[in-house]
Asker: 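Sending over a structure as structure tokens; questions will come in a sec.
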Amino acid sequence: MGLLDWPAPAFDTFDSLMADAIGPFGRVLVWALICAVISMLLYKAMSPQTRIKAIKERLKEARLAMANDDGEDFAEGMKLAKAQLTQSLKLVGFVIGPAVAASLPALALIIWLDGQYSYSCPVPGQHVSISVQPENAAIEQVGINPVGFHDGACPVVQVPGTTDSQTYLVAPTAAIPVIQQRQWWNLVIGNPAGYLPDDGPVTQLRFDLPTQQIINVGPDWARGWELTFFLALVLGSLAIKKGFRIE
């Protein structure tokens, strides 16, 4: 489990509770609203709102002065440009830290949503194409793992071990299309499906899993969770920003 995966059990629990009342589309909308509220309120709490508002006023004045400058005095124009740039950099300096910190809960949620709503395990008997790295490695699907996958079951694969006579089984514990050896970034973002042994000859397995669709209309790229979530997140964040007068 990576650093950003610690909230995942809480996400799982709340999502399961919502599943008794609303479908995937509704749950994604709820998650987007929760994400917008938490992120914007955290940003408001951590950012110096009074100073940001004052800098925005000075920046507005600097832009107005630039717009009204006739351009005849080059030195004066450079002075106005410098004043505008100074205020812009000050604004970035006050905003960027709180914005990054407030985005961490959203990032953890997005990572969890990607694992929860992007793919599903196929129904038993449905063929799944599996690619392997290196390509000459001999693998074989020897069963399915139905635990926790609702109506689906992900394939259990037998892969070669460190010696010619040794093999081991890879049984994914989540509907994730790629399983590979542990990488450095897994300290931050883990793979809920598990990992391949570090000393094994096989470095990656890729499963052609079916994608989830939370809506049944529109082009294929719009039927997943991403468009619904990010559109609702942006609109919700803008509404909260305006409603709470967040700078």
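Counting begins at 1 with the first residue of the sequence. Excluded from the calculations below are hydrogen atoms, water molecules and symmetry mates; all remaining heavy atoms, backbone and side chain alike, are included.
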Asker: If you compare all heavy atoms of Pro122 against all heavy atoms of Val128, which two are closest, and at what distance to 0.1 Å?
Answerer: CG-CG2, 3.1 Å
Asker: If you count every heavy atom of other residues, nucleotides or ligands that lies below 6.0 Å from Phe11 atom CZ, does the total exceed 12?
Answerer: yes
Asker: For the pair Gln181 (side chain) and Gly200 (backbone), establish whether a donor and an acceptor sit closer than 3.5 Å, ignoring hydrogens and angles.
Answerer: yes
Asker: Indicate the atoms forming the closest heavy-atom contact of Ala36 with Ser237, along with that distance.
Answerer: CB-OG, 3.6 Å
Asker: Check step by step if side chain to side chain contact (heavy atoms under 4.5 Å, CB included) holds for Phe229 and Leu109.
Answerer: CA-CA 11 Å; Phe229 175 82; Leu109 176 61; 4.2 Å; yes
Asker: To the nearest 0.5 Å, what is the distance between CD1 on Ile52 and OH on Tyr43?
Answerer: 4.0 Å
Asker: Would you indicate whether Phe244, at its atom CZ, is surrounded by more than 12 heavy atoms from other residues, nucleotides or ligands within a distance under 6.0 Å?
Answerer: no
Asker: Does the side chain of Glu247 come within less than 4.5 Å of Thr50's, by heavy atoms?
Answerer: no
Asker: Can you hop from Val234 to Val100 via hydrophobic side chains spaced under 4.5 Å?
Answerer: no
Asker: Are Leu107 and Leu42 connected in the hydrophobic side-chain network, where two residues link if heavy atoms are under 4.5 Å apart?
Answerer: no
Asker: Would you check if the side chain of Gln204 reaches a backbone N or O of Val132 as a donor-acceptor pair within less than 3.5 Å?
Answerer: no
Asker: Any side-chain to backbone donor/acceptor pair from Asn191 onto Val178? Under 3.5 Å, distance only.
Answerer: yes
Asker: Do you know the tightest heavy-atom contact between Leu59 and Ser88?
Answerer: CD1-OG, 3.3 Å
Asker: Does Gln158 reach the main-chain N or O of Leu169 with its side chain, forming a donor-acceptor pair under 3.5 Å?
Answerer: no
Asker: Quick check against the 3.5 Å criterion: does Asp15 have a side-chain atom that pairs as donor or acceptor with the backbone of Asp12?
Answerer: no
Asker: For Leu4 and Ala108, work out which heavy atoms get closest and say how close.
Answerer: O-CB, 3.4 Å
Asker: Verify the neighbour count for atom CD1 of Ile96: are there more than 12 heavy atoms of other residues, nucleotides or ligands below 6.0 Å?
Answerer: no
Asker: Spell out, yes or no, whether Ile176 and Val156 are grouped together once hydrophobic residues are joined by side-chain heavy atoms under 4.5 Å, including indirect joins.
Answerer: no
Asker: Starting from Val30, can I reach Leu113 by hopping between I/L/V/M/F/W/Y residues whose side chains sit under 4.5 Å apart?
Answerer: yes
Asker: Can you tell me how far CD1 of Ile110 sits from SG of Cys35, rounded to the nearest 0.5 angstrom?
Answerer: 5.5 Å
Asker: To check you understand the geometry: which heavy-atom pair defines the closest contact between Pro134 and Pro201, and what is its length?
Answerer: CD-O, 3.2 Å
Asker: Between Val157 and Glu140, is a side chain to side chain contact (heavy atoms under 4.5 Å, CB included) present by the stated rule, with each step listed?
Answerer: CA-CA 6 Å; Val157 183; Glu140 179 184 3; over 6 Å; no
Asker: Under 4.5 Å between any side-chain heavy atoms of Cys154 and Phe207, yes or no?
Answerer: no
Asker: Between Arg223 (side chain) and Gly218 (backbone), is there a donor-acceptor pair under 3.5 Å?
Answerer: yes
Asker: Between Leu33 and Leu235, is there shared hydrophobic-cluster membership here, with clusters defined by ILVMFWY side-chain heavy atoms closer than 4.5 Å?
Answerer: no
Asker: Do the side chain of Thr173 and the main chain of Pro192 share a donor and acceptor less than 3.5 angstrom apart?
Answerer: yes
Asker: Mark yes or no for whether Ser47, through its side chain, and Val95, through its backbone, hold a donor-acceptor pair below 3.5 Å.
Answerer: no
Asker: When you look at NZ of Lys60, are more than 12 heavy atoms from neighbouring residues, nucleotides or ligands closer to it than 6.0 Å?
Answerer: no
Asker: Please test Leu196 against Thr203 for side chain to side chain contact (heavy atoms under 4.5 Å, CB included), starting from the C-alpha separation and ending with a verdict.
Answerer: CA-CA 7 Å; Leu196 296 173; Thr203 59; 5.7 Å; no
Asker: Starting at CD of Gln87, measure out to CD of Glu61 and round the result to the nearest 0.5 Å.
Answerer: 9.0 Å
Asker: So, taking the atom named CG in Leu91 and the one named CZ in Arg51, what distance separates them when rounded to the nearest 0.5 Å?
Answerer: 12.0 Å
Asker: Between Thr228 and Trp225 (side chain of the first, backbone of the second, donor and acceptor by atom type, cut-off under 3.5 Å), is there such a pair?
Answerer: no
Asker: Nearest 0.5 Å please: distance from the CE atom of Met40 over to the NZ atom of Lys242.
Answerer: 13.5 Å
Asker: Let's go through Arg182 and Leu187 carefully: what are the C-alpha distance in whole Å and the side-chain angles of both, what is the deciding distance for side chain to side chain contact (heavy atoms under 4.5 Å, CB included) to 0.1 Å, and is it a yes or a no?
Answerer: CA-CA 9 Å; Arg182 192 181 296 270; Leu187 293 172; over 6 Å; no
Asker: Please find out if less than 6.0 Å separates the ring center of Trp112 from that of Trp31.
Answerer: yes
Asker: Rounded to the nearest 0.5 Å, how far apart are CG of Leu238 and CG of Leu233?
Answerer: 9.5 Å
Asker: Is there a donor-acceptor pair closer than 3.5 Å between any side-chain N or O of Tyr117 and the backbone N or O of Phe25?
Answerer: no
Asker: Minimum heavy-atom separation for Pro160 to Ile139, with atom names?
Answerer: CD-CG2, 4.4 Å
